[in-house]
Every structure is written in structure tokens, then in C-alpha cells.
Amino acid sequence: MKSIFSKTKTSETRAYPWQSTYWKLTISFILFGMLPMVLLSVFFLMRYFHATSSITLGNIEQMNQLFSYTVESLISSVDDTMGVIYDYENEEGRSLAEILGDTEKSDWEKEIEFNNVLQDMLNRNGVISSVRFVTGDGKAYSIFRNTEKRLLQDPVYQDAVLFPTEDDLRSLVITPVVFEGDYVFHSDDYVFSMVRNYMNISTIDKAQRDVVGTLYVDIDIDEIGRFAESMEIGEFGDVFIYSPKSDEYLYYSQLEEYGSEENELSDYRKYLTGEVNTVAVGSMTLIYNHIFGTEYYAVLCVQDSVLEATTAQNIRYMITALIIVVILQFWIFSLYTGKLSAPGRQLQEAMRQVESGNLDVHVDIHSQDEMEYLGQGFNHMVSRLNYYIEQVYVAQICRNEAELNALKLQIQPHFLYNTLDVIRMTALENDDPETAELLESLSAQMRYVISDDHQEVPLERELTNIMDYFTIIRVRYKGRISVIVNIADEDRKIYVPKLLLQPLVENAIKHGLKEKEGNGHVILELNRSGDTVEITVMDDGLGVPKDQVNYIQTFLEESESGDRDPQGHVGIGMKNISDRIKLDYGDAYGLDFESYIGMGTIVKVRLPYMEEEKHVESNTGR
């Protein structure tokens with residue numbers, strides 16, 4: 001075999017490394033890929049350098065705004081908690097004002113009643129450190145989160161804010177920071193207080209003028225410090241909660257002791273006007289946001305050097321990121337081009353072996369491109385050449401490729417149903433019929449929701465699902481909310497879209513009946529007019545304002561399918577129902593929304609009259 005090849009002279013062409021495909025691709029990538037990218041990056045980096053200060057300042061402004069919103073939310077949540085005192089009634093149905101005025105009750109009995117209310121307020125809000133109540137005759141009741149603390153007798157604070165002026169009878173008063181140890185045993189904390197007068201609301205006249213006592217809710221200043229620390233806002237400058245009106249701090253990030261220092265913001269009080277602003281003062285930038293409902297401002301004092309350092313730091317980050325991206329791209333490109341040129345090098349080496357007389361050479365290329373095709377052609381060529389030269393049979397190499405099919409494990413609904421049934425039977429065995437009933441209702445709802453069924457179902461099945469849902473609602477709200485179905489038996493046979501009513505009923509409970517005092521009802525009715533069916537879901541709940549009703553109706557009729565309400569008035573369930581009806585049956589059908597404050601809400605669903613299902617079965621499978 002070697003003699004055959006020895007008769008033919010082969011001319012070798014020396015290929016230098018820089019003439020290879022790999023190096024040509026590399027140079028092309030550098031010239032036409034990486035170099036333009038680096039030049040563009042440098043250009044935009046220079047543009048960004050001039051704008052980064054304003055961007056950084058904007059980010060800091062957003063952080064300060066978020067900090068002010070956080071403090072505002074803290075104050076609002078505590079203010080809401082203070083209202084609990086008006087909701088209290090003892091076992092006899094008497095309010096705190098009546099208990100306090102009861103001359104037959106002893107002081108310790110009154111103290112027990114007051115401590116129950118104050119402890120409830122303390123438990124409701126984790127930011128409250130203590131709650132105190134001072135009656136008109138100077139009797140003080142108190143509860144502290146730290147059980148080691150005790151209130152001093154005749155505390156100094158009673159003379160300062162015992163009863164606000166008559167104009168402030170209904171207003172919230174926020175006191176400046178004080179040292180709690182001045183009127184509390186075993187305390188070295190600084191706190192500020194939220195103060196409201198507790199009025200006798202037994203009559204309208206008394207509610208205007210009859211002050212029962214004053215409620216003090218204390219908040220440890222460290223709570224605000226934790227907010228500032230978690231948001232890392234203090235890294236940009238000094239953080240203040242400051243009142244320009246009284247020239248007093250509610251919080252200062254650099255202070256450990258309050259009361260003796262000079263107020264550093266006194267000279268800048270004139271700049272703190274309006275709700276939000278950013279003011280350059282000398283070598284400092286003053287960023288402030290008014291805390292709604294108070295006279296205080298969240299103020300951040302940022303030195304210009306901090307902004308410049310932040311800008312330089314951002315530039316360094318961007319340059320570092322650019323270098324990393326360039327290196328990473330070059331590394332990935334090298335791996336890719338090396339893999340891309342490997343089949344060519346393999347073919348080149350195989351050709352050299354064939355030139356030397358080795359016809360047993362075989363290339364194995366699986367690049368799924370032209371190189372794989374060339375490799376297959378080369379192998380076929382060598383095989384045929386070897387056959388014609390030696391006139392022998394060359395056995396064909398058989399390759400078996402096995403495909404690994406990943407088994408998809410699917411949890412069948414039957415497993416879940418069986419599991420719920422086992423839990424239900426266990427509840428029955430443990431004499432817990434209510435839990436068993438709830439599990440049975442939940443199982444029925446899940447069967448209905450995930451069953452392989454048509455898109456339209458008889459109305460009777462929808463109503464059965466609603467009754468299963470109300471089994472849970474009845475337990476959740478202790479029988480306070482009930483459902484009334486005024487639909488004739490013949491009307492229950494018509495077909496409606498699956499899961500049509502449950503979101504509407506849930507919406508009525510959540511927005512209409514949940515916060516209502518006393519019993520509430522959800523009423524379902526059906527009327528037919530020609531080829532149109534109108535299903536009414538109404539409740540006797542709180543209702544919503546007229547402008548909100550108009551907004552909901554407009555959003556349901558004019559918004560695109562799949563849109564979500566940015567104001568949160570229209571739930572996903574109601575919007576999905578409206579979209580399904582319009583997409584399936586046309587714009588002539590849909591939802592009508594009505595509501596009246598104090599009377600309730602009515603949702604009317606217009607559908608075509610269907611005696612049988614119009615849609616094909618779903619393909620979800622079991």
C-alpha cells in the first residue's frame with residue numbers, strides 16, 4: 001500500500017499559525033467586535049460621567065422618600081392601634097368611659113380593665129415600647145414591653161402634655177424625644193410619644209367636649225434607627241426627623257443623647273417648606289420629605305464630597321465591569337472558535353495520515369454543521385479508496401445511538417383527593433366533624449376546579465361549588481355571612497362558563513361584607529330575556545363610592561384583555577371573568593357594576609342563553 005502512494009509526489013504547503021482560520025476569526029472579532037464595543041463603551045462612559053452625579057442624587061432622594069414613607073407608615077400604624085381603645089367593651093358590654101365613671105368599681109378592678117386594653121394595644125403593634133393612660137384626676141395606668149420597667153409616681157410628663165388645647169381634642173400630638181428614665185424605673189432609653197385625648201363617645205355632645213383621659217403611646221427611638229440602618233441611608237449623610245416649627249428632633253442619626261445639644265438644622269429651617277425638595281446649601285445638599293399628618297420632616301444632609309466619591313466609585317465599578325465583560329467575551333470566544341476549528345484540524349491531520357498511506361484513519365465529527373458533512377464525506381472517501389486499492393471487503397462500522405427519555409412524574413389529582421379523604425376520616429375519628437366538613441368541602445372544590453371538564457358547565461354545578469365554598473366561609477366568619485340562591489330549578493340546567501360565580505362571590509365578601517358589623521348576605525338571582533341570561537350577584541355590605549363605581553365599569557369595558565388595574569379597584573378574578581365573556585361571546589355580553597354606600601353592591605353578568613355547551617373539551621388531561 002505504501003508503494004502505491006510512494007509513486008506520487010505530494011507538494012506540501014507550509015501554513016503559518018497566523019494564517020489559520022482560528023487566528024483569522026480572532027483578529028476579525030477583535031477588529032469588528034470588541035474594538036467598536038470598547039470605543040462605544042468609553043464614549044457612553046464619558047457621557048455617564050457628567051450625568052452620574054444627578055443620577056446618584058436622584059437615587060438618594062428616592063431613598064430618603066422611602067425612609068419618610070416608612071416613618072409615616074410607622075406613625076400611621078400606631079395611630080390606628082390607638083383607636084382600639086374606642087372599640088373595647090367588657091363582658092358587661094360597657095366601654096372604658098363607662099367603667100371609669102362607675103363609682104361602684106374599685107381602683108384595682110378598673111386597673112385590670114385598663115391593663116387589658118393597654119396590653120392588647122401593645123400586642124397589636126411590635127414597634128410600641130409602652131402604653132400609658134392618664135385620667136382626668138391624674139390616675140395613671142401603664143404597660144411596658146420590657147416587664148422590668150415601672151412608672152414613677154407623679155411623672156414629669158403629666159404637666160407637659162396631660163390635656164392638649166381644645167383645638168387639639170381630636171388631633172394626634174407627637175412629642176419630641178425625651179429620656180424615658182426621667183419617669184420610668186430601670187430605663188436608659190430615649191422615646192417619643194404619640195398622644196391623643198380619649199373622649200366619651202356615649203353621646204355626640206360628650207364626644208365634642210368630655211375628655212375622659214389622655215392616651216400616651218411610647219416608641220423607642222431605636223425603631224427609627226433600625227429603619228435607617230436597614231435601608232443604609234446613613235451611608236450618604238446625617239439623617240434627621242426634624243420639626244422646623246418647634247425646632248426639635250424626633251430622630252438624629254449622630255446623636256446618642258437627646259436634649260442637651262444644639263439643633264444643627266436651626267439655620268436651615270427656612271428651607272424646609274412644602275412637601276419635598278432638594279436644596280443646595282454651601283458644600284452640602286439638603287434633601288427633605290414632609291411626613292404626612294405631622295409637622296416633622298425626614299431630612300438627609302449630604303456633603304458634596306460624598307456625591308463626588310459615589311460618582312467616582314460608580315465610574316470604577318463600570319470600568320471594572322467593562323474589563324470583566326471584555327475578558328469574559330474573549331475567553332468565551334476563544335473556547336467557541338477553538339471548538340469551531342477543531343473539526344478542521346482533525347480533518348487536516350487525517351489527510352496527512354492518508355497521504356502517508358494509512359487508509360484506516362477515521363474522523364469522528366459531530367458538530368451538526370458543514371464540518372460534520374465534510375467529515376462524513378471524508379470517511380466515505382477513505383473507505384471507498386481502501387476498497388478499490390486492496391479489493392477487499394471493509395466492514396461497515398455500525399453505531400448505535402441511545403436516547404435518554406426523562407420520565408415525567410405527574411402527581412395525579414386522585415392522590416390528592418385520597419389524601420384529603422384520609423385526613424377527613426382521621427378528623428371524624430377524632431370527633432372533629434367541623435374539620436371533616438371543611439376538608440370535604442375543599443376536596444369538592446378542588447375536584448371541580450382541576451377536573452378534566454368542558455369550558456361551560458350546567459349552572460347547577462357552579463351553584464354546588466358556591467355552596468361548598470360557603471361551607472368554609474360559614475366557619476371562617478362564624479356564620480355571620482350567608483348565601484341566598486333565588487334561582488328556579490329549570491334555570492339551573494342552562495350552561496355558563498366554568499368558575500364564573502366564585503370570584504364574584506369572593507369579591508362581595510372581601511370588599512363588601514368582611515368589614516361590615518353584624519350579619520351579611522350574598523344573594524344570587526337569574527333573569528332571562530329572550531336569548532340573554534342575566535345572573536345577579538348582590539350583597540348588603542358597605543358599598544363603594546360613585547366615582548369608584550364609574551372607574552370599575554370603565555376599566556372593565558375599555559381596557560385591553562389581560563390588563564391589570566394599577567389602582568387595585570378591579571381584582572384579577574373580576575377582570576378575567578369580563579375578558580373571558582367578551583372573548584368567548586362578544587362585546588354584547590359582560591359585567592355591569594353598581595354600588596351604593598351603606599347599602600351594598602350589585603354585579604350583573606350578561607350571557608347568551610345556552611342549553612348545551614358550545615366549546616370543545618379542554619386538553620389538560622388528568
Side-chain angles (χ1 to χ4, degrees), residues 80 83-95 116-117 120 123-124 417 419-449 459-489 491-492 496 499-526 535-544 571 573-574 577 593-605:
D80 291 341
V84 172
I85 194 170
Y86 284 102
D87 300 331
Y88 177 77
E89 289 185 354
N90 65 1
E91 297 178 353
E92 302 171 355
R94 306 180 70 186
S95 66
N116 289 336
V117 180
D120 182 38
N123 294 337
R124 285 172 180 260
Y417 301 153
T419 302
L420 289 174
D421 192 58
V422 169
I423 299 175
R424 183 180 70 85
M425 295 302 297
T426 302
L428 288 174
E429 291 175 359
N430 293 330
D431 294 329
D432 191 356
E434 187 177 65
T435 300
E437 183 183 12
L438 291 175
L439 289 169
E440 185 175 9
S441 173
L442 175 60
S443 178
Q445 291 184 73
M446 294 185 68
R447 277 193 173 90
Y448 181 70
V449 170
L459 179 58
E460 179 64 34
R461 292 190 64 187
E462 274 289 291
L463 295 176
T464 300
N465 184 56
I466 291 299
M467 300 312 295
D468 288 332
Y469 173 68
F470 258 86
T471 299
I472 298 175
I473 293 299
R474 186 183 69 251
V475 175
R476 168 65 178 84
Y477 294 99
K478 298 180 172 56
R480 185 172 63 84
I481 300 176
S482 59
V483 61
I484 301 174
V485 181
N486 295 329
I487 299 178
D489 292 340
D491 291 333
R492 300 186 181 212
V496 298
L499 294 176
L500 172 72
L501 299 179
Q502 194 275 340
L504 300 178
V505 172
E506 182 179 359
N507 202 58
I509 295 173
K510 180 179 178 181
H511 298 289
L513 300 174
K514 180 180 178 181
E515 303 297 334
K516 177 184 177 182
E517 296 183 0
N519 295 330
H521 307 83
V522 179
I523 304 172
L524 304 178
E525 295 182 352
L526 184 144
I535 301 175
T536 302
V537 179
M538 68 181 90
D539 64 77
D540 55 359
L542 301 178
V544 297
M574 182 179 292
I577 291 172
F593 189 85
E594 301 176 23
S595 186
Y596 304 92
I597 295 295
M599 298 178 64
T601 302
I602 301 173
V603 180
K604 295 182 179 180
V605 186

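Counting from 1, the numbers follow the sequence of the chain as shown. All heavy atoms count here, side chains included; hydrogens, waters and symmetry mates do not.
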Atom [atom1] in [X], atom [atom2] in [Y]: separation rounded to 0.5 Å?
X      : Y      : atom1 : atom2 : answer
Thr464 : Glu460 : OG1   : CD    : 4.5 Å
Ile597 : Leu542 : CD1   : CG    : 8.0 Å
Arg474 : Tyr469 : CZ    : OH    : 13.5 Å
Ile577 : Gln502 : CD1   : CD    : 8.5 Å
Thr601 : Met538 : OG1   : CE    : 11.5 Å

Could you walk me through whether Leu500 and Ile535 pass the side-chain contact (heavy atoms from CB on, under 4.5 Å) test, one step at a time? CA-CA 10 Å; Leu500 172 72; Ile535 301 175; 4.2 Å; yes
Candidate pair Val603 and Asn507, rule side-chain contact (heavy atoms from CB on, under 4.5 Å), full reasoning: CA-CA 10 Å; Val603 180; Asn507 202 58; 5.9 Å; no
Closest approach of [X] to [Y] (non-hydrogen atoms, all atoms of both residues):
X      : Y      : value
Gly600 : Ser595 : O-OG, 3.2 Å
Val485 : Met467 : CG2-SD, 4.4 Å
Ile487 : Leu524 : CG1-O, 3.9 Å
Val522 : Ala508 : CG2-CB, 4.4 Å
Arg480 : Lys514 : NH2-O, 3.1 Å
Asn519 : Lys516 : O-NZ, 3.2 Å

Going by heavy atoms in the side chains, are [X] and [Y] under 4.5 Å from each other?
X      : Y      : answer
Asp120 : Asn116 : no
Arg492 : Leu463 : yes
Leu501 : Leu459 : yes
Tyr477 : Ile509 : yes

From CA spacing to verdict: side-chain contact (heavy atoms from CB on, under 4.5 Å), Val84, Arg124: CA-CA 9 Å; Val84 172; Arg124 285 172 180 260; 3.6 Å; yes
Determine, step by step, whether Leu513 and Asp540 satisfy the side-chain contact (heavy atoms from CB on, under 4.5 Å) criterion, reporting the C-alpha distance in whole Å, the side-chain angles of both residues, the deciding distance to 0.1 Å, and the verdict. CA-CA 7 Å; Leu513 300 174; Asp540 55 359; 3.4 Å; yes
